[in-house]
Structures are given as structure tokens and as C-alpha cells.
Amino acid sequence: MLHTVSDTLPTYADVVDLTRYPIHRLDSDEGRALINNCRCVLAQDGCCTLPGFLQPIAVAEMVQLANRLERSAWVSNNRHNVYFEAFDNSVEPHHPLAHQERSAKHGIAYDQIPDQAPLRRLYESDDLTRFIAAVLEKSVLFRSADPLDALQITRFHPGEELGWHFDRSEFSVTVMYQRAEEGGDFEYVPELRTKQDERHDDVTKVLQGDRSRITVQSAAPGTLAFFQGNCAMHRVTLVKGSLPRINSVLTYGEHENMRLNDLTSQLFYGRTSPASAEL
Ligand SMILES: O=C(O)CCC(=O)C(=O)O
Ligand SMILES: [Fe+2]
């Protein structure tokens with residue numbers, strides 16, 4: 001029987017390399033193999049990268065969009081500890097609760113990303129959410145309900161960086177669009193803490209320059225990465241050269257209606273609610 005293929009193509013068919021990563025057919029042998037492979041790598045390394053996940057044309061479109069939106073990005077530059085909590089000055093200066101890290105970046109919020117942008121179409125597809133849930137072995141997973149933070153674009157300009165930290169969420173999903181000329185590496189220390197044990201001494205060692213447990217990644221444009229950022233301390237090193245590092249963080253949770261608190265929203269986007277489209 002003859003029928004048009006376009007009827008059945010996913011809305012993000014031009015965005016993902018579906019031959020290599022068949023996220024639209026997770027129940028097929030290839031789909032199951034993909035999920036198993038991701039689970040194994042994640043369990044072993046605390047991080048799993050999928051190079052070439054995005055089609056080059058989608059990457060190019062996202063870079064163009066990020067360049068067009070540069071002037072409306074929120075520029076933040078803050079000191080924080082690795083837990084994103086208030087500094088505790090009652091402890092010794094080198095204790096992780098007192099130790100200061102710096103994070104500086106340009107943040108483009110979800111409400112600034114057009115509906116038709118490749119990554120927005122991909123993020124809003126249930127196929128991608130199902131794929132992420134399957135890899136993370138979650139029976140149910142929701143996209144964030146935050147109007148600014150659910151999907152954002154981050155530009156790290158030369159001189160900017162993301163200091164050492166643990167994420168508040170259990171895991172993170174990122175997509176790389178453009179590497180810096182120099183620096184802008186993703187560095188992480190798998191399982192530096194556990195849910196039961198903060199291991200402050202081990203954290204201090206890393207903060208004081210011990211690199212023996214650090215894994216370094218400089219993902220190529222188009223790479224999708226999963227990592228367990230709640231127990232793995234991680235950072236983005238200082239960007240040098242003339243090109244900004246550009247990527248997106250995709251936010252998910254196990255609860256519906258997940259949102260940032262006002263303080264964090266103000267910090268990263270300079271506001272707490274979406275810009276009204278028309279007055
Ligand atoms: O940009 C990255 O590669 C990591 C981002 C990150 O760790 C975060 O947003 O918490
Ligand atoms: Fe993080």
C-alpha cells in the first residue's frame with residue numbers, strides 16, 4: 001500500500017539523527033539497544049554522551065538563534081558555595097560550606113525561544129521525555145512547568161564559567177551547540193557524595209586542586225549528555241578565546257508543576273515570570 005511518509009514523521013524529524021538514535025521507536029530492537037547502552041554507560045561513568053544526536057542543520061539554527069538573542073540574555077555573575085546555599089562562616093575557611101565559587105553566564109529563558117526553534121520542538125515532544133525516562137529508569141517523568149527554566153540556552157562568553165557545584169535535581173540533560181576556542185570544558189567527579197554522606201573532606205580535596213578523580217569532557221556540537229549532577233560535583237571551566245560556549249539544559253522532574261523558586265529565577269533570568277507577549 002502506498003502512503004505518504006510525512007504523515008508519520010515526528011515533529012522533530014529534522015532535528016535528531018533518528019537513524020543513529022531511534023527515539024521515535026523505543027520498542028524496536030534498535031530502540032531497546034539504545035536505551036540499554038545509555039543505562040550501562042551512565043551506571044559505569046555517571047555520565048553518558050550521545051555524539052551527533054542533533055542534525056548539523058539544527059545545531060547551526062540554534063547557534064544563529066542564540067546569537068540573535070544575545071542582547072536579551074540575562075547576564076549573571078555570582079559567588080556561591082558548591083551547594084548553592086548561604087555561606088557558613090562558622091566553619092573553617094576551606095570547608096565546602098564556606099568555600100566560594102564563581103558562576104558567570106548569559107541566560108536565555110524558555111519564553112524567549114520561539115515555538116519553531118529546533119530544540120523547543122524536540123523538548124516538547126513526548127518521545128524525548130519517554131526516552132529520557134527510559135534511560136533513567138523512571139516510570140514517570142515530567143517536563144518542568146517553569147516558564148523560564150524548563151528549557152534555556154546558556155552562553156558562556158570569554159571570561160565566564162560555572163563554578164563547582166552539585167545540582168539540586170538528581171540528573172541533568174544538556175545539548176551542546178558551540179564549543180569555546182579554549183576552556184569551557186565540562187569537568188565532573190562521579191559519586192563524590194552520596195545521598196547519605198556529604199563527604200566534605202573529599203569535596204575539599206577537589207576544591208583545593210586535587211584532579212585525580214576528575215573526568216574532563218569537551219562535547220562536540222550536537223552532543224546530548226545525561227549526567228547525575230546531584231552526587232557528581234561538576235563545573236564548566238573558564239572560557240577563553242573569542243567564541244562563546246553555547247548549550248542548553250533541559251529540565252525534567254518526577255513531579256508535575258516543577259518550578260524554580262523566585263530567588264533562583266531572579267538570579268539566572270533577572271525575573272520570576274514570563275514577559276507578557278502583548279500589552
Ligand atoms: O553547561 C554544562 O555543561 C553544565 C551545566 C550545569 O551544570 C548546570 O546548569 O547546572
Ligand atoms: Fe550543574
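These numbers come from the heavy atoms of this one structure, side chains and all, not from hydrogens, waters or symmetry mates. Both counts, for ligands and for their atoms, begin at 1 and track the order of listing. Model, not experiment: these values are computed from the prediction.
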Starting from [atom], what is the nearest protein heavy atom, named by residue and atom, and what distance separates them?
atom: atom 3 (O) of ligand 1; result: Arg245 NH2, 3.0 Å
atom: atom 6 (C) of ligand 1; result: Leu162 CD2, 3.4 Å
atom: atom 9 (O) of ligand 1; result: Val249 CG2, 3.8 Å

Practice task
Identify whether the distance between the nearest side-chain nitrogen and carboxylate oxygen of Lys105 and Glu160 falls below 4.0 Å.
Solution key: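 Salt bridge: no.
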
Exercise for the section: Among residues two or more places apart or on two chains, list those pairs meeting ring-ring contact (aromatic ring centres under 6.0 Å, His included) that have a residue in residues 88-109. Expected result: His95-His200, His106-His157

Problem - Selection residues 24-74 - residue pairs positive for ring-ring contact (aromatic ring centres under 6.0 Å, His included), sequence neighbours left out - result: Tyr21-Phe53

Using a 4.0 Å cutoff against the non-hydrogen atoms of [X], which atoms of ligand 1 qualify?
X: Asn247; result: 1 (O), 2 (C), 3 (O)
X: Phe186; result: 3 (O), 4 (C)
X: Asp167; result: 10 (O)

Exercise for the section: Can you run down the salt bridge (Lys or Arg N to Asp or Glu O under 4.0 Å) pairs that involve residues 66-82, sequence neighbours left out, and say none if there aren't any? Expected result: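 Checked against salt bridge (Lys or Arg N to Asp or Glu O under 4.0 Å) - neighbours excluded - the pairs reaching residues 66-82 are Glu70-Arg155.
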
Problem - the Fe ion (ligand 2) neighbourhood, protein N/O/S only, threshold under 2.8 Å - result: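 The answer, once waters are left aside, is His165 NE2, Asp167 OD1, His234 NE2.
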
Practice task
Answer yes or no: is there a donor N or O on one side and an acceptor on the other, between the side chain of Thr237 and the main chain of Gly184, under 3.5 Å?
Solution key: yes

Handout entry: Region of His234 engaging ligand 1 - heavy atom pairs below 4.0 Å
Key =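 His234 to ligand 1: side-chain contact only, backbone stays beyond 4.0 Å.
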
Handout entry: His165 contact mode with ligand 1 (heavy-atom cut-off under 4.0 Å)
Key =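 Under 4.0 Å from ligand 1, His165 contributes side-chain atoms alone.
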
Problem - CG (Asp27) with more than 12 external heavy atoms under 6.0 Å - result: no

Problem - Reference residue Val236; test side chain to side chain contact (heavy atoms under 4.5 Å, CB included); the match among Asp185, Leu162, Thr154 - result: Leu162

Practice task
Go through the steps for His255 and Asn257 under the test side-chain hydrogen bond (donor to acceptor under 3.5 Å, both in side chains), then give the verdict.
Solution key: CA-CA 6 Å; His255 303 285; Asn257 298 320; over 6 Å; no

